[in-house]
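Following: one structure in structure tokens, then a few remarks.
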Amino acid sequence: MQIGSTPLRIVIVGGGTAGWMAANLLARRWRSRQVAITLLESPEIGIVGVGEGSTPLLGTFFEKLGIADSDWMPKCNATYKNGIRFSGWSDIKGHESYFHPFASAIDIHGQSAFFMHCALRRNGYDVAANPDRFFIAAELARQRLAPLAAHHFPFRIFHGYHFDAHRVGALLGEHAQRLGVEHLHGTVVTVERGEGGAVLAVGTEDGRRIAGDFFVDCSGFRSLIVQQALGVPFRQFADNLFNDRAVVLPTPTDPTGTNSQTISTALRNGWVWNIPLRHRHGNGYVYSSRFCTPDQAEHELREHLGLLDDPVGARHLQMRVGRVEQVWVHNCLAVGLSQGFIEPLEATALHLVQTTIESFIEQVERDGDLDARRQSFNDGIARDFEGVRDYIVCHYRMNRRTDTEYWRANASHDQLSDSLKAILTCWFTGRNLEQEIARQGIADIYPPMSWHCLLAGYGQFPDPAKLRTPEPGIAVADIAGIDDFRSRCALNFRDHAQVLAEMAA
Ligand SMILES: Cc1cc2nc3c(=O)[nH]c(=O)nc-3n(C[C@H](O)[C@H](O)[C@H](O)COP(=O)(O)OP(=O)(O)OC[C@H]3O[C@@H](n4cnc5c(N)ncnc54)[C@H](O)[C@@H]3O)c2cc1C
């Protein structure tokens, strides 16, 4: 596959968020280099449409396309996200809830104090170690502020977004077509392959043959080309990620203000997300069918939301959790749900979509042996998936609930990767976690800050009854000073609802 030397036709199958993200990134990069891009989507099969939260990487996606927040957020009912609050996952006093922030440059002081306190607490000292006290994003979320600093406060705050996935898809579809992407409707029923195994064309229900030089499989959980036609094996994560279903219900917006965080609340057999959009709240209970039925899950979700007698309909979804063994096979790349899925606890799916496409573009554009690069690309994507999986598994492993079989099974299974085992051993033996993460080379997936937040957030420290006051000579952070710093920094940010309203005006 050589970009620019000869005309090339890329066919993307699927018009969900993954398909349109791929179309935009590929068209933006290659449209002037003899590459024609067609996106084909089924008019009968809808999109999954529930991906409503992102990491900060989505900001760079829109930036690359030259689309400002004010151009897309109002159209997609989007809001800002400072991070995720985890509630009800631990019953340890002071750790019933914690905030996982997106850390920014301004957090340098708070972060080193946090790491220092985590180390002290792990070694038996009675010091504050809930991440809420140390990061600016936690304060912005607490006060429902938007993460956009005033002009005189020269610090960029990392943030993600919440959005209506259907509207983002439509907006990206229009943008891709402006970049020259051809948009076709049709349901693929056949995949035609050549002698060497490469895909030559897809055939639609109404008898059309759509040929291409390269195919991007964005057909969702069906994984029409990579898994079904090419037979690439799917590696399930069910041994250590039990959740395989979700039930989704909207609620009205909060008249008192707009949260700038996702809230993840642990329930009896899973957890529920609460995502504030401009026109509604998205709520979804992610649970395991091994431990409760869809009816029980819906009942519990309705109870949690105060909707037991409400006629609003719930949507039930199945999730296939795991990854394909290789995302790039022959002349086909799987992107989005067709490449795999890890439950949405950290809202990483679109992040992985973006990194997959961006890394693919980089590999294709480099010189040298494409086959060798394809192998290392596949290994890299697999490593990212397994890294995200380990971080999510760690949430479940560290939960301190004992009220149901679900939580007990999550806390006690022995299906941990060697990487996660080493991280936990390091934490519980009081050694340096930053060094362990550097040793493993996994900081690009989740940095030390995230691991500290998770482990400290759930209160994974020695028994509080046995903690001792730091002796004179043991350095401790000036917590009152950090509280003051955080709250004074927050004076430079404005009310989230107001910022969004002005953007939409
Ligand atoms: C419960 C749940 C919660 C989630 N929450 C988040 C979140 O907070 N953050 C996040 O980043 N991600 C989240 N995700 C993941 C996110 O929704 C997806 O990664 C994202 O929407 C991309 O989906 P997709 O485009 O791969 O697939 P889909 O949206 O399913 O799109 C598939 C496309 O393929 C087409 N298609 C299928 N078969 C054919 C065929 N035979 N012929 C032609 N076209 C076909 C369909 O028409 C459709 O256009 C969540 C997922 C689930 C299940």
Side-chain angles (χ1 to χ4, degrees), residues 11-23 38-58 61 81 84 160-166 168-170 172-173 183-191 202-206 208 210 215-229 243-249 262 264 270-275 277 282-287 297 301 314-321 324 327 333-357 388:
V11 178
I12 299 170
V13 176
T17 320
W20 286 118
M21 282 179 83
T38 298
L39 184 143
L40 170 68
E41 68 173 315
S42 164
E44 284 107 35
I45 303 166
I47 66 166
V48 68
V50 278
E52 297 184 332
S54 86
T55 69
L57 196 68
L58 191 70
F61 169 79
K81 171 178 171 184
I84 307 177
Y161 299 89
H162 305 117
F163 47 84
D164 179 326
H166 285 273
V168 166
L172 292 181
H183 184 198
L184 301 179
H185 288 97
T187 301
V188 172
V189 286
T190 55
V191 177
V202 290
T204 59
E205 211 171 29
D206 55 8
R208 279 171 295 156
I210 295 153
F215 290 81
V216 186
D217 182 353
C218 296
S219 61
F221 283 125
R222 284 178 177 76
S223 197
L224 203 69
I225 305 179
V226 166
Q227 287 181 57
Q228 288 192 36
N243 294 340
D244 56 359
R245 282 177 183 265
V247 48
V248 180
L249 265 171
T262 300
S264 153
W271 61 277
V272 57
W273 77 74
N274 174 272
I275 288 188
L277 302 182
N283 308 283
Y285 184 13
V286 178
Y287 64 97
L301 177 63
R315 195 175 153 214
H316 288 263
L317 294 144
Q318 295 198 22
M319 307 184 301
R320 203 157 167 247
V321 177
V324 287
V327 286
L333 175 73
V335 180
L337 297 173
S338 73
Q339 76 181 116
F341 178 60
I342 299 165
E343 66 160 82
L345 188 59
E346 291 279 349
T348 42
L350 295 182
H351 184 111
L352 290 167
V353 164
Q354 190 176 338
T355 52
T356 301
I357 306 161
V388 172

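Both counts, for ligands and for their atoms, begin at 1 and track the order of listing. The structure presented is a predicted model; accordingly, all values stated were derived computationally and were not measured.
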Is [X] close to ligand 1, meaning an N/O of one under 3.5 Å from an N/O of the other?
X	result
Val13	no
Ile47	no
Leu337	yes

Using side-chain heavy atoms (C-beta onward) and a distance below 4.5 Å, is [X] in contact with [Y]?
X	Y	answer
Met21	Val335	no
Asn243	Val321	no
Gln228	Val191	no
Phe61	Leu172	yes
Val202	Ile225	yes
Ser338	Val226	no
Ile84	Ser264	yes
Trp273	His162	no

Among all the protein's non-hydrogen atoms, which is closest to [atom], and how far away is it?
atom	value
atom 47 (O) of ligand 1	Ile45 O, 2.6 Å
atom 31 (O) of ligand 1	Gly16 CA, 3.6 Å
atom 17 (O) of ligand 1	Gly51 N, 3.3 Å
atom 35 (C) of ligand 1	Gly14 CA, 3.7 Å
atom 27 (O) of ligand 1	Gly220 CA, 3.5 Å
atom 45 (C) of ligand 1	Ser42 CB, 3.7 Å
atom 24 (P) of ligand 1	Ala18 CB, 3.9 Å
atom 19 (O) of ligand 1	Ala349 CB, 3.4 Å

If the cut-off is 4.0 Å to any non-hydrogen atom of [X], which atoms of ligand 1 fall inside it?
X	value
Ser219	32 (C), 34 (O), 37 (C)
Gly53	7 (C), 8 (O), 9 (N), 10 (C), 11 (O)
Ala246	1 (C)
Ala347	8 (O), 9 (N), 11 (O)
Glu52	7 (C), 8 (O)
Gly336	26 (O)
Leu350	10 (C), 11 (O), 20 (C)
Gly186	42 (N), 43 (C)

Tell me, please: is Cys218 in heavy-atom contact with ligand 1, that is, under 4.0 Å?
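Contact check Cys218 vs ligand 1: positive.
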For atom 51 (C) of ligand 1, which candidate among Phe341, Trp273, Trp20 provides the closest heavy atom?
Phe341
Counting heavy atoms only, which of Val188, Thr262, Leu345, Val321 is nearest atom 40 (C) of ligand 1?
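The option holding the nearest heavy atom is Val188.
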Checking Tyr287 now: which residues fulfil side-chain hydrogen bond (donor to acceptor under 3.5 Å, both in side chains) with it, not counting sequence neighbours?
none
List the residues meeting side-chain hydrogen bond (donor to acceptor under 3.5 Å, both in side chains) with Arg208, not counting sequence neighbours, and say none if there are none.
Asp206
Contact partition for Val189 relative to ligand 1, non-hydrogen atoms under 4.0 Å:
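No part of Val189 is near ligand 1 at this cut-off.
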Shortest non-hydrogen separation from [X] to [Y] and the atoms involved:
X	Y	answer
Gly16	Ile47	CA-CG2, 3.5 Å
Ala22	Cys218	CB-SG, 4.5 Å
Glu343	Trp271	OE2-NE1, 2.8 Å
Leu57	His351	CB-ND1, 3.6 Å

